[in-house]
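Quick one: the structure is below, and I'll ask about it shortly.
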Amino acid sequence: PKAVFSHPTADAMAVAAAGETPPLQANYVFGRAWPDLNEGLSYTDTFRGADAETTASLINFYSENYKSSAPLPGWIHRIRNGQITVDGQVVTDPDMILREGSKLVYHRLAWKEPFAPHLLQVLYEDDDMVALNKPSGLQVLPKGIFQQRTVLAQLQWKEWKMPPSSCSKRKNVQLHPVPVHRLGRGTSGLLLCAKTKLAKVQLASYFAEGAANAEKKRDGTEVGKERKISKFYRALVTGILEHDGDVVTQPIGLVHYPGVAEGLYVACSSGKPAMSKVCVLERLAHQNQTLVQVEIHSGRPHQIRIHLAYIGHPLVDDPLYCIGGQPKFHDLESTSTDISFAYDGGYERPLQPVPGDCGYHLHAHWLVLSHPTTNK
């Protein structure tokens, strides 16, 4: 037997009428309102003499090693603004010569993060894990402009019920639950979090196993294999799918994209294997849209968005991906220049869409898994 977690929806009564187990209802809602400003960030480095030929000065060190953070004038602005310390002392001279072993700290000033919802719905909780309903618009982990307004921050702020000190699980408990998989910022629905170190390792291994299976077989024959976890999403896509079911095995890889330092994930023949099983739920002819269920057998970033776009049916209102699983913005030359920077010294926000932009219709609808400790 496996646990089945489902976001509570209007079809619960239909499921019960069919003799199946109805979706679990939310136990409670939690969340703290976001402060107006976050707490800023500090980034620490140690200067090594081996780099002295090219990065002997303070400005050379930062402008050469952290080009993706700010252009040269932006780093000069940050230094003169007193945001860099060397061995605990504020330095405002960009041309200061660094010494072997110097400790450098860049202090990123506090900023107001864009709007994000703060309430999270708990669908299931025990001593090992928590299943949350994440709203669209809330990032899971800190990244980019969202460093505080994340699911992780809300998990850290909440006081959690922990096993009693006499319980054998007590020494295995973490300070707070942690997410064990990703959901895009614009994706809503089920998010699993581990409360213990053992559960974290076990659940992470379930997700890793799915990706490994996708690498072994890309012809769809793995779909029926017994797995420790299965993830099902609902998506609203453009156009009418001809076939009731499809298995997409298009690899996903990275390409250069302005405004995304690590690159953009797209449909790419040289990328990593990925597998998605698509099933039509309803064809909405008048809107020229189709409601589909997608079961993913791997967890590549933005996999569902890319795979559905690849087969010619991008998600409705997806600001980034178009038919073929490629970005709508085709001029992939960087639009940033060395003479323009934002108020904090960093690059101006790109005008073209980026992966974190919301608007698309994608919901993590239900999960089937073996419990990480009981295996039930």
Side-chain angles (χ1 to χ4, degrees), residues 34-116 139 141-150 152-153 185 254-265 301 320 327 329 331-357:
W34 307 115
D36 189 50
L37 297 177
N38 62 25
E39 298 176 349
L41 290 170
S42 294
Y43 303 87
T44 302
D45 288 283
T46 300
F47 178 72
R48 300 300 179 192
D51 302 326
E53 291 185 6
T54 56
T55 59
S57 70
L58 186 62
I59 184 58
N60 282 346
F61 177 85
Y62 279 104
S63 64
E64 290 297 323
N65 289 302
Y66 297 102
K67 294 178 181 179
S68 63
S69 174
L72 175 63
W75 277 115
I76 294 174
H77 168 81
R78 289 170 172 176
I79 295 171
R80 290 177 175 167
N81 197 40
Q83 292 175 242
I84 311 289
T85 60
V86 179
D87 296 326
Q89 301 296 316
V90 175
V91 175
T92 57
D93 178 10
D95 297 319
M96 174 192 177
I97 302 301
L98 299 174
R99 296 178 298 180
E100 169 71 21
S102 290
K103 181 181 178 182
L104 313 177
V105 182
Y106 159 53
H107 301 273
R108 185 176 178 182
L109 301 177
W111 70 94
K112 183 180 178 66
E113 298 181 12
F115 170 81
Q139 193 155 294
L141 299 175
K143 187 176 182 182
I145 199 170
F146 289 98
Q147 293 293 324
Q148 184 180 72
R149 298 186 179 191
T150 64
L152 181 61
R185 187 169 78 91
L254 284 168
V255 297
H256 169 72
Y257 188 79
V260 184
E262 66 273 21
L264 178 70
Y265 287 94
L320 179 59
F329 184 81
D331 181 7
L332 298 185
E333 293 300 319
S334 176
T335 56
S336 300
T337 68
D338 280 350
I339 60 173
S340 174
F341 58 88
Y343 75 95
D344 67 345
Y347 292 104
E348 295 284 1
R349 191 190 187 285
L351 298 177
Q352 68 276 7
V354 293
D357 291 344

(message) Can you give me the closest heavy-atom contact between Arg48 and Gly101, atom names plus distance?
(response)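 In terms of heavy atoms, the two residues are closest at NH1-CA, 4.5 Å.
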(request) Work out which heavy atom in Pro94 is nearest to a heavy atom in Arg80; give both atom names and the distance. (result)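 Of all heavy-atom pairs spanning Pro94 and Arg80, the closest is CG-NE, 3.9 Å.
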(request) Using atom types as modelled and distance alone, determine if a side-chain donor or acceptor of Trp75 lies under 3.5 Å from a backbone N or O of Tyr66. (result) yes
(message) Is there a side-chain contact between Asp87 and Arg99 in this structure, where contact means two heavy atoms from C-beta onward sitting under 4.5 Å apart?
(response)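 They are in side-chain contact.
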(request) Please round to the nearest 0.5 Å and tell me the distance separating atom CG of Leu72 and atom CD of Glu64. (result)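 Going from CG on Leu72 over to CD on Glu64, the span is 8.5 Å.
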(request) Answer yes or no: is there a side-chain heavy-atom contact under 4.5 Å between Val91 and Ile84? (result)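 Answer no - side chains too far apart.
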(request) Look up atom CG in Asn60 and atom CD1 in Ile97, then write down how far apart they are to the nearest 0.5 Å. (result) 8.0 Å
(message) Quick one, Thr150 and Leu141 - any side-chain contact, counting heavy atoms below 4.5 Å?
(response) no
(message) To check you understand the geometry: which heavy-atom pair defines the closest contact between Leu109 and Asn81, and what is its length?
(response) CD1-ND2, 3.7 Å
(request) Hey, could you give me the OG/CE distance between Ser57 and Met96, rounded to the nearest 0.5 Å? (result) 10.5 Å
(request) Considering non-hydrogen atoms only, spot the tightest contact between Val260 and Pro355 and give its length. (result) CG2-CD, 3.7 Å
(message) Measuring from atom CD of Gln147 to atom CD of Gln139, what distance do you get when rounded to the nearest 0.5 angstrom?
(response) 8.0 Å
(message) Side chains of Arg78 and Ser69 only: does a donor on one sit below 3.5 Å from an acceptor on the other?
(response) yes
(message) Just checking Tyr265: does its OH atom have more than 12 heavy atoms from other residues, nucleotides or ligands closer to it than 6.0 angstrom?
(response) no
(message) Thr85 and side-chain contact (heavy atoms from CB on, under 4.5 Å): which single residue from Val105, Leu104, Thr44 fits?
(response) Val105
(request) Kindly give the heavy-atom pair with the smallest separation between Ser42 and His107, and that separation in Å. (result) OG-ND1, 3.3 Å
(message) Do Ile59 and Ile76 have side chains that approach each other closer than 4.5 Å (heavy atoms only, starting at C-beta)?
(response) yes
(request) Using a 4.5 Å cut-off on heavy atoms from C-beta on, say whether the side chain of Val86 contacts that of Phe47. (result) no
(request) Over all heavy atoms of both residues, which pair between Ala110 and Leu37 is shortest? Give the atoms and the distance, please. (result) CB-CB, 4.4 Å
(message) Would the distance check show the side chain of Gln148 and the main-chain N or O of Glu113 forming a donor-acceptor pair, the cut-off being under 3.5 Å?
(response) no
(message) What's the separation between atom CZ in Phe146 and atom CH2 in Trp34, rounded to the nearest 0.5 Å?
(response) 9.5 Å
(request) For the pair Asn65 (side chain) and Phe61 (backbone), establish whether a donor and an acceptor sit closer than 3.5 Å, ignoring hydrogens and angles. (result)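 The answer is yes, because a donor-acceptor pair under 3.5 Å joins these two groups.
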(message) Tell me whether Glu39 at atom CD has more than 12 heavy atoms from other residues, nucleotides or ligands lying less than 6.0 Å away.
(response) no
(message) Treating Arg149 as the side-chain partner and Pro114 as the backbone partner, does any N or O pair qualify as donor plus acceptor under 3.5 Å?
(response)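 Pair found, side chain donor or acceptor close to backbone of Pro114.
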(message) With a 4.5 Å cut-off on side-chain heavy atoms, are Tyr106 and Gln83 touching?
(response) yes
(message) Quick check: do Pro327 and Leu320 have side-chain heavy atoms less than 4.5 Å from each other?
(response)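 With C-beta onward as the side chain, the pair touches.
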